[in-house]
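One structure is given below, encoded as structure tokens.
No experiment lies behind these values; they were computed from the predicted model shown.
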Amino acid sequence: MTGNSFSVSGYGPERAGWTRVFARDSLARRLDWPILLSAIGLSLIGSVLVFSATRNRTEINQGDQYYFLIRHLMNTGIGIALMIGVIWVGHRTLRVVVPFLYGASVFGILLVLTPLGSTVNGAHSWIVLGGGFSLQPSEFVKITIILGMAMVLAARVDAGDKPYPDHRTVLQALGLASVPMMIVMLMPDLGSVMVMVIIVLGVLLASGASNRWIFGLLGAGAIGAIAVWQLHILDEYQIARFAAFANPSLDPAGVGYNTNQARIAIGSGGLTGAGLFHGSQTTGQFVPEQQTDFVFTVAGEELGFVGAGLILVLLGVVLWRACRIARDSTELYGTIVAAGIVAWFAFQAFENVGMTLGIMPVTGLPLPFVSYGGTSMFAVWIAVGLLQSIRVQRPMSA
């Protein structure tokens, strides 16, 4: 195997391309099937939960109870197609075009700050495309931050010039990540910024950078959080959300309403739940944004602890296998990319589930693979494609 090419038994080089995607003795055997099947399972479970949450919501489903179900399945199909495309191209080939991808993602989030941008739930982070479709460019920024930092941090290490990234290299990587993060903060999209911060920390840990950088960034983050709070940089709705998190009894009919209703829904599910389409909180439409940010409450109420636990188990399988891919990669670039994806998925899942349970502040982050949303679905499936590419392009003996 050289570069991005596979040696396929029984096929000459002229048969490369889609042949290697379907050949039983090459790509199919190298794919990480636990990740793939778990991600598909999560997306299918999500389609059922989204349907339950929206089938009676005539004010948003345009009179068609299958409106969100069809779009969720369509988004999943497009996401899987993107995954296949990433595997076919290969993460090593994508490494070459990372500067272009980075520039395109930064341009996308800058467009949000123009009149083309649209505000949803207080965050000016969307571009409305029409026809019921919208785009959230900050989702793709998560991917380009991972790829960009991995490219910078691994360049000299994979070339054999350095055993680990030096201080100058780390500074370059942090500078690359800070530009889109500052733009996203201006939207403001605090939830996405939080995910990006965790991604940066995960990437640096995986790269072998000095621990002084990790502790320094944690200290700088704490100081920055205090400064943001004291200088009133956050919008009023964001401050109110943190206040409600600190004091759940604060304004239960206002800013604390979402969290209180979410906890009621999950708590009423018990062990096995009320049954699909029979949850009183869900059918009564008491939980806002239940098909997106609060989709986990549908699982908790209608499928109970068993159904909600299954979602967490499947997410755990994805994270476990991604950790294995990061560990087994024979190049630092692959290790960093996989570790960045682990940090992204782990924190975003914890934050989403945590905010429905009242143990994390409400930030508007979707549950990976499960929540309704085209851009977020595309991004997580692209990430799965990167994980699969890292696995299939390693030597067979690795």
query: Just by modelled atom types, is the I264 backbone N or O under 3.5 Å from a matching donor or acceptor in the S268 side chain?
result: yes
message: On a heavy-atom basis, which atom in I266 and which in T297 lie closest, and how many Å separate them?
response: CG1-CA, 3.9 Å
- prompt: Which residues pass the salt bridge (charged side-chain N to carboxylate O under 4.0 Å, His left out) test with E351, sequence neighbours left out?
  reply: none
- line: Rounding to 0.5 Å, atoms CD1 (I336) and OG (S329) come to a distance of 9.5 Å
- prompt: Do you see a donor-acceptor pair shorter than 3.5 Å between the side chains of S376 and Q136?
  reply: no
- prompt: So H91 and Y333, would you call those rings parallel, tilted or perpendicular, with 30° and 60° as cut-offs?
  reply: parallel
field: salt bridge (charged side-chain N to carboxylate O under 4.0 Å, His left out) partners of R327, counting only residues at least two apart
entry: none
- prompt: If you round to the nearest 0.5 Å, how far is CG of L332 from CZ of R156?
  reply: 13.5 Å
- prompt: Just wondering, more than 12 heavy atoms not from F100 lying within 6.0 Å of its CZ?
  reply: no
message: Quick one, I311 with L303, criterion side chain to side chain contact (heavy atoms under 4.5 Å, CB included). Give me CA distance, side-chain angles, the key distance, then yes/no.
response: CA-CA 10 Å; I311 291 175; L303 303 180; 5.7 Å; no
- prompt: Quick one: does H72's side chain have a donor or acceptor within less than 3.5 Å of a partner on I70's backbone?
  reply: no
statement: In terms of heavy-atom contacts, L153 and P165 come closest through O-CG, 3.5 Å
- request: Would you check if the side chain of R30 reaches a backbone N or O of R391 as a donor-acceptor pair within less than 3.5 Å?
  value: no
field: Closest non-hydrogen atom pair between A339 and A326, with its separation
entry: N-CB, 4.1 Å
Pair listing, side chain to side chain donor-acceptor pair (under 3.5 Å) test, anchored in residues 99-108, at least two apart: S105-T144
Atom pairs and distances, side-chain donor-acceptor, residues 35-42, under 3.5 Å, sequence neighbours left out:
| from | atom 1 | to | atom 2 | distance (Å) |
| --- | --- | --- | --- | --- |
| S38 | OG | P34 | O | 2.7 |

- prompt: Taking the six-membered ring where the residue is Trp, are the ring centres of F286 and F294 under 6.0 Å apart?
  reply: no
Within one Ile-Leu-Val-Met-Phe-Trp-Tyr cluster: V342 and L312, side-chain cutoff 4.5 Å: yes
task: Determine the interplanar angle of the Y66 and F51 rings, folded into 0 to 90°, and report it as parallel if under 30°, tilted if 30 to 60°, perpendicular if over 60°.
output: parallel
task: Grab the two heavy atoms, one from I341 and one from I146, that are nearest each other, plus how far apart they are.
output: N-CD1, 3.7 Å
message: If you compare all heavy atoms of Q261 against all heavy atoms of Q281, which two are closest, and at what distance to 0.1 Å?
response: OE1-NE2, 2.7 Å
Side chain to side chain, M187 and I109, heavy atoms closer than 4.5 Å: yes
task: Please answer whether the main-chain N or O of L386 pairs with a side-chain N or O of S389 as donor and acceptor at a distance below 3.5 Å.
output: no
task: State the CZ-CD1 distance between F378 and I143, to the nearest 0.5 angstrom.
output: 11.5 Å
Side-chain (Q285) to main-chain (N56) donor-acceptor, under 3.5 angstrom: yes
message: Quick one: does any side-chain atom of S52 pair with a main-chain N or O of V48 as donor and acceptor, under 3.5 Å?
response: no
task: Give every residue pair that meets the salt bridge (charged side-chain N to carboxylate O under 4.0 Å, His left out) criterion with at least one member in residues 294-322, sequence neighbours excluded.
output: D32-R321
field: Heavy-atom pair with the smallest gap, counting every atom of P180 and V106
entry: CB-CG2, 4.4 Å
Flag, side chain of N352 to backbone of L365, donor-acceptor distance under 3.5 Å: yes
message: Checking V152 now: which residues fulfil side-chain contact (heavy atoms from CB on, under 4.5 Å) with it, not counting sequence neighbours?
response: T169, Q172, A173, L176
